[in-house]
Amino acid sequence: MTFANPYCQKKIIVTRIICFSWLLAKIISWKVWLASRLFPVIPPFDFLFAPQAVHLFLFVLSLSCIAALLIFPTNTVLQIGVIIIELLSCSLDQNRWQAWEYQYIFIVLALLINRRNERNALNTIAFIFISIYFFSGLGKMNAAFSGFLQRELIFLEIVKAKNSYSYNLLLYHLGYLLGLLEIFLGIGLAFMRTNKPAAILLICMHLGILALLGPFGINYNVIIWPWNIAIILYLYLLFIRRDPPTLSFHSLKNGWNKIFILFFGLLPFLNFFGYWDYFLSSSLYSYKPPEMYICIHDTEKNKALMPFAISKKSIFICDSNATVINVRTWSMKEMNVPAYPEIRVYKKIKQQLLSRYPGMNATFIISEYTDGIKRKTELK
């Protein structure tokens, strides 16, 4: 291996960017990696419940291995160790299956599988990002995302029009146009003639996200700040800096690289039919995933949960006498990450809360978009 090789240099820099942003994300979201918290720990199978000490041990080991990989980015043993530790930790709690965690694991896996071929490694990582933008854009082409834009832009008074009908029609189609733009920019990364302009526009998009959500904006969702900064650097290194990789499906069909076609090229399509999870399908800010609200009718017996109650403006979810907890808001306040937005996870959260608080007088409501309409149903 020669470090004069530009692909080798890029691979090392990409690895270090991953490790640094991963460490920041882990530290920011430290509570999700521990079991000593109020928010329920939800393993995919009940037999995977583990003592608090196991969660703590895996968290410390994870930080240590990622930090070591930051220093020794080409060390194969460390790459294998990081992947195994993360899979073990994530097997203990589905709330750890965050989109950035999923992507980081697969990027390190791409580096490991293609450790003897730097160009193939970068090509595979490029494919991962192309897929992320494609499915992220596809996921935004729905009434939920368009409705969100209408509410937020009207609130911020960014878009104004004298004619109310034209105003709402413009905002409604703006959601679909933004989704379509993200799809085309993702596809543009795949071709030599368009990858640099597409990467520049996507960098502008991420800078806009950071300006809006960052400390100089609304100061929200801090967990995605290092992720967005890392993606900006990836886009520059992979698609703008000299010798950008040209997407080659031939290299993706070789050996273990086929798993990237499966997990990033095929399985996300199943999400549109309800057979693959939102966070594993790059459904980022699509506003399609269901949300769960807890309508508490007796606050005296549930005082521990009261710090996570939301304002009365969302009382339409419950009756006027109930105290409302949005599970996503609770998760963000306590762990700095959103709760894993799948019905099976919400059912287990309900079971744990009812078991933890036997006298809990509460109703659990699912709010989600179906057929373009936001509906609420009681979780059974």
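- C65 pairs by the disulfide bond (SG atoms under 2.5 Å apart) definition with nothing, not counting sequence neighbours.
- Nearest heavy atoms, L34 versus R37: O-NH1, 3.0 Å.
- Counting heavy atoms of neighbouring residues, nucleotides and ligands inside a 6.0 Å radius, atom CZ of F72 does not exceed 12 of them.
- Put simply, the side chain of P40 reaches to within 4.5 Å of the side chain of L353, judged on heavy atoms.
- Taking the six-membered ring for Trp and the full ring otherwise, the centers of F45 and F47 sit less than 6.0 Å from each other.
- N271 places no side-chain N or O within donor-acceptor distance of the main-chain N or O of S281, the cut-off being under 3.5 Å.
- Residues S91 and L48 approach most closely at O-CD1, 3.3 Å, considering heavy atoms.
- With values rounded to the nearest 0.5 angstrom, I18 atom CD1 is found 5.0 Å from L111 atom CG.
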The test is side-chain contact (heavy atoms from CB on, under 4.5 Å); show your working for I183 and Y133 and say whether it passes.
CA-CA 6 Å; I183 290 172; Y133 288 115; over 6 Å; no
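- Not one N or O on the side chain of S89 forms a donor-acceptor pair closer than 3.5 Å with the backbone of I85.
- Within the 4.5 Å cutoff, side-chain heavy atoms of F20 are placed close to those of L24.
- Atom CG of residue L233 and atom CG of residue N228 lie 11.0 Å apart, to the nearest 0.5 angstrom.
- Across every non-hydrogen atom of D93 and I42, the tightest pair is OD1-N, 3.0 Å.
- By the 6.0 Å contact criterion, CZ on F57 is open, its count of non-hydrogen atoms from other residues, nucleotides or ligands being 12 or less.
- Atom NZ of K348 is surrounded by more than 12 heavy atoms from other residues, nucleotides or ligands within 6.0 Å.
- The two residues Y346 and P290 make their nearest non-hydrogen contact at OH-O, 2.8 Å.
- Side-chain contact check for N336 versus W30: every heavy-atom pair is 4.5 Å or farther apart.
- Side-chain contact between I229 and I231 is absent, with no heavy-atom pair separated by less than 4.5 Å.
- Side-chain contact between L88 and L92 is absent, with no heavy-atom pair separated by less than 4.5 Å.
- Among all heavy-atom pairs drawn from K288 and N142, the shortest one is CG-ND2, 3.3 Å.
- Not one N or O on the side chain of S283 forms a donor-acceptor pair closer than 3.5 Å with the backbone of Y278.
- Between the side chains of H55 and R96, at least one donor N or O sits under 3.5 Å from an acceptor N or O.
- Side-chain N or O atoms of S331 include none that pairs as donor or acceptor with a backbone N or O of V327 at under 3.5 Å.
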Might you work through the side-chain contact (heavy atoms from CB on, under 4.5 Å) test for L189 and K196, ending with a clear yes or no?
CA-CA 7 Å; L189 294 177; K196 286 187 179 180; over 6 Å; no
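- Between the side chains of Q79 and R115, no donor-acceptor pair is found at a separation under 3.5 Å.
- Heavy atoms from other residues, nucleotides or ligands lying under 6.0 Å from OH of Y236 number 12 at most.
- There is no path of hydrophobic side-chain contacts, each under 4.5 Å, that joins F216 to I209.
- Within 6.0 Å of CZ on F184 lie no more than 12 heavy atoms contributed by other residues, nucleotides or ligands.
- Under a 3.5 Å cut-off, the side chain of Q103 and the backbone N or O of I128 do not form any donor-acceptor pair.
- Atom CG of L138 sits about 9.5 Å away from atom CG of L180, to the nearest 0.5 Å.
- For W97 and F279, the distance between ring centers is not under 6.0 angstrom.
- You'll find the ring centres of F106 and F263 inside the 6.0 Å limit.
- Put simply, the side chain of Q352 gets close to the backbone of V41: a donor and an acceptor are under 3.5 Å apart.
- One distance of note links CE of M332 with OG1 of T329; it measures 8.0 Å at 0.5 Å rounding.
- At a threshold of 4.5 Å between side-chain heavy atoms, the hydrophobic network of Ile, Leu, Val, Met, Phe, Trp and Tyr places V77 and I71 in two separate groups.
- Without hydrogens or angle criteria, S131 side chain to F127 main chain gives no donor-acceptor distance under 3.5 Å.
- Rounding to the nearest 0.5 angstrom, the gap separating the CG atom in L266 from the CD1 atom in I259 is 12.5 Å.
- Side chain of S355 to backbone of Q351: no donor-acceptor contact under 3.5 angstrom is found.
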Show your working on side-chain contact (heavy atoms from CB on, under 4.5 Å) between W225 and L210 and close with a plain yes or no.
CA-CA 7 Å; W225 300 355; L210 285 170; 4.3 Å; yes
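- A salt bridge links K26 with E86: the distance from a Lys NZ or Arg NE/NH1/NH2 to an Asp or Glu carboxylate oxygen falls below 4.0 Å.
- Salt-bridge check for E182 with K140: passed, with a basic side-chain N closer than 4.0 Å to an acidic carboxylate O.
- Of the possible polar contacts, none joining the R328 side chain to the P338 backbone as a donor-acceptor pair under 3.5 Å is found.
- Residues P226 and A25 approach most closely at CG-N, 4.4 Å, considering heavy atoms.
- For F269, the ring pair (Phe, Tyr, Trp, His ring centres under 6.0 Å) partners two or more places apart in sequence, or in a different chain, are F135.
- Aromatic ring centres of Y102 and F264 lie closer together than 6.0 Å.
- With no hydrogens or angles considered, a side-chain donor-acceptor pair links N257 and N114 at under 3.5 Å.
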Given the rule in the side-chain contact (heavy atoms from CB on, under 4.5 Å) test, do F49 and D46 qualify, once you have shown the distances and angles that lead to the verdict?
CA-CA 6 Å; F49 272 106; D46 291 341; 4.1 Å; yes
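- No side-chain heavy atom of Y287 sits under 4.5 Å from any side-chain heavy atom of E291.
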Worked verdict on Y104 versus S21 for side chain to side chain donor-acceptor pair (under 3.5 Å):
CA-CA 10 Å; Y104 286 160; S21 58; 2.9 Å; yes
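- Of the inter-residue distances, the one linking N195 atom CG with L235 atom CG reads 10.5 Å to the nearest 0.5 angstrom.
- The aromatic rings of H206 and W227 stand perpendicular to each other, their planes meeting at an angle above 60°, with 30° marking the opposite boundary.
- Side-chain atoms of I325 and M292, non-hydrogen and from C-beta on, never get closer than 4.5 Å to each other.
- Two residues are said to be in side-chain contact when any heavy atoms from C-beta on lie closer than 4.5 Å; I224 and Y285 meet this criterion.
- No side-chain donor-acceptor contact under 3.5 Å links N123 to the backbone of R119.
- Side-chain rings of W330 and F39 approach one another, their centers coming within less than 6.0 Å.
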